[in-house]
There are 2 protein chains.
Amino acid sequence: MANPIDRSIINISVDCVIFGFDENEIDLKVLLIERGEEPFFGQMALPGDLVNIDENIDESAKRVLRELTGLDDIFLEQLFTFGNITRHPLGRVVTVTYYALIKPSDFDLLPSGFATMAEWRSISEIRELAFDHFKILSTALTRLKGKIRYQPIGFNLLPEKFTLTQLQSLYETILDTDFDKRNFRKKILSMDMLIPLNEKQKGVAHRAARLYKFDMERYDKLQTLGFNFAL
Amino acid sequence: MANPIDRSIINISVDCVIFGFDENEIDLKVLLIERGEEPFFGQMALPGDLVNIDENIDESAKRVLRELTGLDDIFLEQLFTFGNITRHPLGRVVTVTYYALIKPSDFDLLPSGFATMAEWRSISEIRELAFDHFKILSTALTRLKGKIRYQPIGFNLLPEKFTLTQLQSLYETILDTDFDKRNFRKKILSMDMLIPLNEKQKGVAHRAARLYKFDMERYDKLQTLGFNFAL
DNA sequence: TCAAAAGTGTTCTTATTACACCCATGG
DNA sequence: CCATGGGTGTAATAAGAACACTTTTGA
């Protein structure tokens with residue numbers, strides 16, 4: 001970590017689990033940095049660092065993420081706080097973790113600080129991470145899968161205009177399952193949250209699909225009424 | 001708080017939201033202490049205190065709860081971490097909060113430490129609390145209501161042998177709603193998690209109800225298969 | 001003309017809701 | 001004998017699951 005750990009006190013840090021999903025890609029990715037500093041020098045880790053005394057922890061998470069990876073203006077949701085005595089080799093560090101799901105192609109990565117590298121890595125290929133970050137990642141993945149069934153996470157992962165097949169494959173990738181095409185369409189359209197456009201895909205070597213966009217106003221209304229997005 | 005706040009560092013505390021439900025009682029309660037110390041001297045607050053450097057935060061929550069209220073051996077679940085700069089008047093304190101739902105009559109309250117009193121208070125009557133504890137309480141209540149629909153919280157709130165009406169009124173109280181008696185029974189019995197006993201209530205001035213107990217083995221199995229307790 | 005994905009309905013099964021009367025017990 | 005809560009079934013509706021062929025497009 002960039003700030004020094006004080007062995008005489010409980011230090012507090014934030015760590016961010018940024019999931020990435022791009023259309024055309026088949027798997028879910030996570031943003032990792034390579035550490036240019038001890039401990040775990042040269043190993044991959046979640047972006048994270050100590051909280052400053054004069055910043056709210058939510059703001060701290062945003063700052064740390066920006067400083068290490070260049071990602072800015074991301075909606076982070078709090079995940080869990082990990083506080084075991086032994087989780088950091090240099091002292092006592094309680095970490096508040098956050099997660100988000102974004103579209104990698106919307107952002108440029110710019111590693112700096114003690115991050116010598118910032119990269120998207122496929123979830124399925126990750127075997128180990130610095131500290132207890134692998135455990136944090138697993139916790140985040142479980143939460144994401146649970147959450148996406150009830151909340152329209154994912155609206156920000158598609159282009160403004162998208163096809164129903166794109167939407168379906170987004171859900172299939174994140175939930176790691178398959179849906180019946182007709183049933184998926186029936187359900188998603190019955191929610192009345194998509195606006196069909198008088199536009200079609202162009203330049204595809206097959207029948208062009210109709211494009212849709214999200215009806216945010218309608219969605220917000222349904223949310224407040226306790227609407228359920230389950231599939 | 002009992003330990004002194006150090007203004008030069010970020011202090012870390014735990015706070016516990018202990019919900020209480022007793023049969024025969026119509027409303028949901030929460031365990032509060034009266035503070036015998038500044039700040040907020042004499043005001044009601046959630047039991048909470050600073051974390052020691054040599055204890056895990058989960059263990060810290062248990063210890064603090066025990067020291068202030070006498071409650072021991074309670075399964076606490078982490079709720080959320082509140083870390084705004086301004087949340088504590090004497091310095092920077094990030095608090096990790098926990099919650100649980102228990103049956104008050106199973107425990108004796110024994111206030112000590114800086115708690116001059118420890119009491120069960122009806123949720124609906126609480127207007128204000130020390131620090132940001134009212135907000136913490138609201139967050140916990142939302143979480144509890146969400147959670148009880150998918151998890152069998154509540155098994156520990158009833159006597160070992162209970163009637164279906166007791167179970168129903170437990171759910172109705174916590175979710176603040178009403179269920180149709182026949183539909184409730186049909187659904188709960190179809191889950192196959194209750195064992196009907198060859199025993200009846202005694203001493204009631206009406207037809208005696210059959211008693212049931214939970215089939216924990218069966219429940220654990222269903223849990224791992226992704227079972228859903230929704231009502 | 002072929003390959004590739006788009007688009008479209010029906011049937012069957014299962015879950016959810018609404019609803020009202022008789023039963024057993026103790027006071 | 002009455003007040004109190006216990007106990008029971010059915011019909012209607014809604015939601016979910018399974019399933020296969022025709023259409024459009026560009027290469």
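Here is how names work: the chains are called A, B, and so on, in the same order as the sequence lines, proteins then strands, and each is numbered from 1.
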OG1 on Thr97(B) to CD1 on Ile57(B), rounded to 0.5 Å
10.0 Å
Rounded interatomic separation in angstrom, taking [atom1] from [X] and [atom2] from [N]:
X	N	atom1	atom2	result
Phe179(A)	dA6(C)	CZ	C1'	19 Å
Lys202(B)	dG6(D)	NZ	C1'	18 Å
Leu211(A)	dA6(C)	CG	C1'	12 Å
Ile188(B)	dG7(D)	CD1	C1'	16 Å
Met191(A)	dA15(D)	CE	P	12 Å
Gln201(A)	dA5(C)	CD	C1'	9 Å
Arg210(A)	dT23(D)	CZ	C1'	15 Å
Lys187(A)	dG7(C)	NZ	P	21 Å

When you measure only distances, ignoring hydrogens and angles, does the side chain of Lys186(B) come within 3.5 Å of the base of dT10(D) through a donor and an acceptor?
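For Lys186(B), whose side chain was compared with the base of dT10(D), there is a donor-acceptor pair (under 3.5 Å).
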Ignoring hydrogens and angles, are the base of dG7(D) and the side chain of Lys181(B) linked by a donor-acceptor pair under 3.5 Å?
yes
If a pair satisfies salt bridge (charged side-chain N to carboxylate O under 4.0 Å, His left out) and one of its residues is in residues 201-216 of chain B, list it, with sequence neighbours excluded.
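Pairs touching residues 201-216 of chain B that pass the test: none.
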Compare every heavy atom of Leu157(A) with every heavy atom of Lys103(A), then report the nearest pair and how far apart it is.
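Closest heavy-atom pair between Lys103(A) and Leu157(A): CD-O, 3.4 Å.
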Categorize Arg185(A) for me: base, sugar-phosphate, or nothing, with a 4.0 angstrom heavy-atom threshold over every strand shown.
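Base, at least one base heavy atom under 4.0 Å.
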Base, sugar-phosphate, or nothing for Thr165(A), non-hydrogen atoms under 4.0 angstrom?
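The residue Thr165(A) makes sugar-phosphate contact but no base contact.
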Side chain of Arg207(B), heavy atoms from C-beta onward: which of dG7(D), dG9(D), dT25(D) has the nearest atom to it?
dG7(D)
Side chain of Asp180(B) only, please: which of dC19(C), dT25(D), dG27(C) is the nearest?
dC19(C)
Closest-nucleotide 5' rank along DNA chain C - winner of Arg182(A) and Ala208(A):
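Closer to the 5' end of DNA chain C: Ala208(A).
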Taking for each residue the nucleotide of DNA chain D with the nearest heavy atom, is it Gly203(A) or Asn183(A) whose nucleotide lies nearer the 5' end?
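Closer to the 5' end of DNA chain D: Asn183(A).
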Any chance you could lay out the ring-ring contact (aromatic ring centres under 6.0 Å, His included) test for Phe179(B) and Tyr171(B), step after step, and finish with the verdict?
CA-CA 9 Å; Phe179(B) 295 108; Tyr171(B) 271 80; 7.1 Å; no
Are the ring centres of Phe19(B) and Phe21(B) closer than 6.0 Å?
no
